[in-house]
Colleague: 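Have a look at this one before I ask anything.
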Amino acid sequence: MILMLAGEFRMIVKILKFLPFPIILALIPLFLPEGRTGAYYQTLLILTVSYATAALGLTVLLGYSGQISLAQAAFFGIGAYVFSVLAVTYNVPYWLSLLAALAVTSAFGFILGAISLRLASHYLALVTIGFQIITQVVLNNWRGFSGGADGISNIPRPTLLGLGISTDLGFYWFSLIVFCGAAYIVYRLRQSRLGWALLALREDEIAAASNGISVFWTKVLAFAVSAALGGLGGVLYASGSLYISPDVFNFYQSVSFFAMALVGGRESIVGTSLGAALITFLPEVLRFLHAYTIAIYGFLIVVVVLFLPDGLYGLLLRGTAALSRKFLTVARPQPARPAPLPTTSAPTARPCATTEPLLEIKSLSKHFGGIKAVQNLDLTICKGDVAVLIGPNGSGKTTVLNVLSGIYNTTSGSIMYRGQEIGNTPPNRVNRLGICRTFQNIRLFPELTALENVAVGYYSKGTVGLIGTLLSRPLGYREEAAARVKAREVLQFLGFDRLDIKAKNLPYGQQRIVEIARAIVSSPELLLLDEPAAGMNHEETAALSQILYRIHALGLTMLLIEHDMSFVASVATRAYVMDFGQKISEGSVAHVLQDPAVVKAYLGDDIAYA
Ligand code: ADP
Ligand code: MG
């Protein structure tokens with residue numbers, strides 16, 4: 001409860017920090033000159049807000065989920081048209097027309113998202129361009145709906161609490177309020193469990209799926225929210241300009257939206273809004289260069305992509321940070337280092353904990369074309385086991401883990417988990433069944449902090465969806481707070497204290513620890529670790545074995561792939577040895593290490609029989 005209130009308070013303070021922006025924006029028109037010039041700039045301001053609202057869609061899609069779209073103008077257009085046709089042709093009330101526009105655009109977003117699922121980024125970009133062009137052609141030629149090239153005029157403005165908002169100034173303030181609402185939604189989304197899922201998807205799809213995130217639903221969510229924001233911008237545009245025609249919603253406009261998000265700072269709400277203002281006003285200021293505006297956009301995009309990955313807003317932040325470092329140097333308290341882990345001694349080659357099977361693999365095969373990576377493998381892991389899978393490089397160990405965790409389908413054979421067949425189950429569902437894993441080549445989310453990485457691991461424990469996130473602060477907050485608290489606890493349990501460092505900036509050994517924390521934060525029943533000690537120095541390996549004892553003491557069953565025999569010997573209850581995709585030995589570690597077949601696999605014929 002206290003945590004929740006504290007969180008509420010922090011959130012309000014955070015939002016209040018941004019309050020000067022809308023206030024300044026709201027006041028700008030009061031300083032515009034009288035007459036035509038003033039009216040012209042007022043129109044441009046309305047235009048900017050509608051563009052910025054649509055560009056926020058790209059903050060979600062491009063910034064958060066990392067999907068490229070050059071179709072934002074299509075959603076902008078569909079929103080504008082659905083709204084205008086309903087409000088003008090069918091006299092549907094303003095708010096109802098607006099809701100319909102949002103519903104239709106998000107439905108289109110949903111479809112595009114579902115299609116995008118199978119496409120890598122550049123193909124996806126092509127599909128969105130196709131969608132953009134088709135939309136414009138339809139708007140131009142489906143005269144019965146859109147009125148064709150003549151467009152639609154007499155588009156209404158809203159009434160709010162019985163008050164008509166017909167003046168430009170009134171409508172500008174109205175759109176600012178709508179924009180702030182949209183910005184809040186986008187901000188709120190970023191803080192939430194769904195926001196973490198979007199970011200995880202952007203950073204690493206396979207790792208996201210292995211942490212319980214449904215790639216399909218998350219992508220579709222990103223596209224639908226982004227499209228709805230595009231549609232909302234379109235409604236503001238239509239209602240602001242009182243007239244629409246198809247030529248506004250063209251590919252060129254989509255490129256402008258893309259440029260707004262990219263130039264401003266794709267992941268930042270303020271950045272995207274700055275980008276929208278810049279790109280709307282720039283052509284006006286540089287009117288004499290009109291023919292070259294598209295070239296200027298192109299140039300801006302190239303400069304930003306090459307030199308400013310976080311856009312202008314990122315540059316601004318770095319600038320202010322550098323200034324405050326220069327003038328306001330405050331000695332930072334050093335965080336206290338956690339106490340070293342107590343050492344737990346482990347008996348060597350422990351007996352199996354139980355005889356109750358948790359995982360039973362029967363005649364499992366996995367072939368990649370002609371390569372028989374795994375061939376007729378039988379393997380049983382009992383509850384409480386620390387089973388190790390050993391074998392030379394390329395013997396198929398990682399493939400076993402990939403098939404188990406749903407990343408690959410099986411070629412044949414069965415995998416029973418708690419008596420249930422789980423072969424060919426998608427990774428996010430395997431995760432939800434209580435099987436979590438780490439990867440041989442660490443797959444953290446590089447741009448997320450250590451704490452956020454681990455919080456993503458808690459995704460499967462949450463239930464609050466989009467509506468809950470946006471409408472029910474307490475409900476959404478309780479889950480986010482739980483994920484953070486749990487993530488912190490687990491990291492501390494593993495003796496890790498650099499919670500707020502981005503994963504990409506952590507040394508290798510610590511990245512491994514964070515990945516293990518991410519895998520155990522949701523309290524799985526079975527933990528799969530692929531060469532956790534690979535690349536670690538002697539000290540780190542020793543610390544790692546302590547960590548493994550601690551995790552095992554929590555009651556987790558483990559399947560561990562390992563190279564380092566001395567490391568394995570002290571942890572394992574049971575060992576399996578693979579060579580060329582087949583199991584060549586099993587039993588206690590001491591037993592398999594003496595097995596001639598194993599010695600031969602590792603050292604070759606000559607030495608084995610010397
Ligand atoms: P290990 O983890 O024991 O070193 P792997 O399971 O990574 O071995 O690889 C086993 C064999 O399967 C290797 O010959 C490897 O080249 C092949 N292999 C693994 N993954 C793929 C894939 N996605 N496509 C084709 N071949 C693969
Ligand atoms: Mg491997």
Side-chain angles (χ1 to χ4, degrees), residues 118 120 204-210 215 359 361-379 381 386-415 422-427 430 435-444 508-509 511-512 515-516 518-519 526-536 540-541 544 548 558-569 571-572 574-586 589 592-593 595 597-604:
R118 306 209 165 272
D204 190 328
E205 250 180 65
I206 289 182
S210 299
V215 172
L359 183 83
I361 298 179
K362 290 227 170 73
S363 5
L364 180 72
S365 296
K366 174 68 195 170
H367 299 172
F368 298 100
I371 300 173
K372 296 179 173 164
V374 178
Q375 184 68 355
N376 268 330
L377 181 77
D378 291 319
L379 193 152
I381 297 175
V386 179
V388 287
L389 194 55
I390 40 189
N393 252 332
S395 57
K397 308 178 297 293
T398 298
T399 307
V400 172
L401 233 60
N402 284 341
V403 173
L404 265 179
S405 55
I407 290 174
Y408 297 146
N409 283 341
T410 61
T411 303
S412 63
S414 95
I415 306 169
I422 60 156
N424 307 330
T425 308
V430 172
I435 304 178
C436 294
R437 67 167 292 177
T438 64
F439 295 85
Q440 182 173 351
N441 308 309
I442 304 175
R443 297 193 92 127
L444 285 174
Y508 191 79
Q511 291 192 11
R512 285 250 177 238
E515 206 190 21
I516 293 175
R518 187 179 69 183
L526 177 62
L527 179 63
L528 311 173
L529 301 172
D530 196 348
E531 301 203 19
M536 282 189 166
E540 288 171 331
T541 312
L544 180 68
L548 294 186
M558 289 191 235
L559 172 60
L560 184 71
I561 293 181
E562 202 35 84
H563 253 348
D564 181 347
M565 294 294 182
S566 59
F567 174 66
V568 165
V571 225
R574 190 164 190 81
Y576 298 87
V577 188
M578 285 181 77
D579 195 21
F580 294 111
Q582 286 175 320
K583 183 173 73 183
I584 55 168
S585 180
E586 76 172 282
V589 177
V592 300
L593 289 185
D595 189 332
V598 177
V599 178
K600 182 178 156 197
Y602 265 89
L603 303 174

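Positions are given from 1 along the sequence. Just so you know, ligand 1 is whichever comes first in the structure, and atom 1 is the first atom listed for that ligand.
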Colleague: Pull out every atom of ligand 1 sitting under 4.0 Å from any heavy atom of A373, numbered as shown with elements.
Modeller: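 Result: 11 (C), 12 (O).
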Colleague: Within ligand 1, which atoms have a heavy atom of Y408 less than 4.0 Å away?
Modeller: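 Numbered from 1, ligand 1 contributes 20 (N), 22 (C), 23 (N).
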Colleague: How far does CG of D579 sit from OG of S585, to the nearest 0.5 angstrom?
Modeller: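 One gets 11.5 Å once the value is rounded to the nearest 0.5 Å.
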Colleague: What atoms of ligand 1 come closer than 4.0 angstrom to any heavy atom of N393?
Modeller: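 Once the distances to N393 are compared, the set is 4 (O).
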Colleague: Specify the protein heavy atom at minimum distance from atom 7 (O) of ligand 1: its residue, its atom name, and the distance to 0.1 Å.
Modeller: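 Checked against all protein heavy atoms, atom 7 (O) of ligand 1 sits closest to T398 CB, 3.6 Å.
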Colleague: Find the distance between CD (E562) and CG (D530) and round it off to the nearest 0.5 Å.
Modeller: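 If I round to the nearest 0.5 Å, the distance is 9.0 Å.
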Colleague: Atom CG of L389 and atom CD of E531: how far apart are they, to the nearest 0.5 Å?
Modeller: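 Those atoms lie 10.0 Å apart.
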Colleague: Do me a favour and list the nearest non-hydrogen protein atom to atom 8 (O) of ligand 1 with residue, atom name and distance?
Modeller: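 The closest heavy atom on the protein side is G396 N, 3.3 Å.
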Colleague: Angle at the Mg ion (ligand 2), OE1 of Q440 to OG1 of T398, rounded to 10 degrees, please.
Modeller: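 For OE1 of Q440 and OG1 of T398, the angle centred on the Mg ion (ligand 2) reads 90°.
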Colleague: Charged N to carboxylate O below 4.0 Å: is that the case for E515 and R443?
Modeller: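 No, this pair does not count.
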Colleague: Just to confirm my output: which protein heavy-atom neighbour is closest to atom 14 (O) of ligand 1, and how far is it?
Modeller: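 Here the closest protein heavy atom is I371 CG2, 4.0 Å.
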Colleague: Could you tell me, atom by atom, which parts of ligand 1 come under 4.0 Å of a heavy atom of T399?
Modeller: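 Result: 5 (P), 6 (O), 9 (O), 10 (C), 19 (C).
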Colleague: Would F368 count as a polar contact of ligand 1, with the cut-off being nitrogen or oxygen pairs under 3.5 Å?
Modeller: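 So ligand 1 has no N or O lying under 3.5 Å from an N or O of F368.
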Colleague: If you measure from CG on L404 to NZ on K366, what distance do you get to the nearest 0.5 Å?
Modeller: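 Rounded to the nearest 0.5 Å, the CG-NZ separation comes out at 12.5 Å.
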Colleague: Kindly compute the distance separating OG (S210) from CD1 (I435), expressed to the nearest 0.5 Å.
Modeller: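 One gets 11.5 Å once the value is rounded to the nearest 0.5 Å.
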Colleague: Judged on heavy-atom distance to atom 4 (O) of ligand 1, which of G394, S395, G369 sits nearest?
Modeller: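 Looking at heavy atoms only, G394 sits closest to atom 4 (O) of ligand 1.
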Colleague: To the nearest 0.5 angstrom, please state how far the CD atom of E586 sits from the CG atom of D595.
Modeller: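 Reported to 0.5 Å precision, the distance equals 10.5 Å.
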